Amino acid sequence: MPAKQKRMSNRTFTMIKPDAFANGHSGAILDIIIKAGFRLVALKMTSLSEAKAGEFYAVHRARPFYGELVEFMSRGPIIAAILEKDNAVADFRKLIGATDPAKADPGTIRKLFAASLGENAIHGSDSDENALIEGDFFFSGLEKV
Ligand code: CDP
Ligand code: MG
């Protein structure tokens, strides 16, 4: 790569879910994310209607937990963010830990703040492609810095 060419970092998308928000963990979670080297590209507090939560998790529509997931995700405020860092998707999945907090590594965000498999404090995109789709679900181009 020519020395002058700017290296594009990868981006991922996250949500602090309604459980973590309601329990007052948003500040602590954002602090962990920033100190782990992720740059905030976009950030907002918002909430999902049941229809919007259903759309966001449409890939899980046929799963038995879909109804509960939609109900949970539309229960209250969330914080949505686009994050940038080298290897962002994989590194962020490592930082949040396994889907089930009981199986998450010590020190991960889900181990620290999540109560159950369903109510697990935080979302992280699973691929570069989905990171882009999910970021665009919440943010316009003008909101990305
Ligand atoms: O969020 P993650 O990518 O780790 O897991 P997922 O398999 O994409 O599932 C999406 C979300 O559905 C999880 O984060 C949980 O909130 C919920 N879920 C659930 O309630 N029960 C399961 N057996 C699996 C997932
Ligand atoms: Mg997932």
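Each residue takes its place number in the sequence, starting with 1. Just follow the structure's listing: the first ligand is 1, and inside any ligand the first atom is 1. Everything numeric in this text was worked out from a predicted model, so none of it was measured. The basis for the numbers below is simple: all heavy atoms, side chains too, and nothing from hydrogens, waters or symmetry mates.
Applying the ring pair (Phe, Tyr, Trp, His ring centres under 6.0 Å) rule to Phe138 yields the partners Phe13, Phe56; only residues at least two apart in sequence or on another chain are considered.
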| message | What verdict does the side chain to side chain contact (heavy atoms under 4.5 Å, CB included) test give for Asp136 and Lys144, after you've listed the backbone C-alpha separation in whole Å, the side-chain angles of each residue and the deciding distance to 0.1 Å? | response | CA-CA 10 Å; Asp136 286 346; Lys144 296 172 193 166; 2.5 Å; yes
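Residues Asp126 and Arg93 are in side-chain contact: their nearest non-hydrogen atoms beyond the backbone lie under 4.5 Å apart. Taking 4.5 Å as the limit, some side-chain heavy atom of Thr46 sits within range of a side-chain heavy atom of Ile78.
Cluster partners of Ile32, by chain and number: Ile16, Phe21, Ile29, Leu30, Ile33, Ile34, Phe38, Leu40, Leu43, Met45, Ile79, Leu83, Phe92, Leu95, Ile96, Ile109, Leu112, Phe113, Ile122. The rule joins Ile, Leu, Val, Met, Phe, Trp and Tyr whenever side-chain heavy atoms lie under 4.5 Å apart.
Evaluation of the salt bridge (Lys or Arg N to Asp or Glu O under 4.0 Å) test over residues 49-60, restricted to residues two or more places apart or in two chains, returns Lys52-Glu55.
Contacts of ligand 1 (protein heavy-atom distance under 4.0 Å) are Lys17, Tyr57, His60, Phe65, Leu69, Arg93, Thr99, Arg110, Leu117, Gly118, Asn120.
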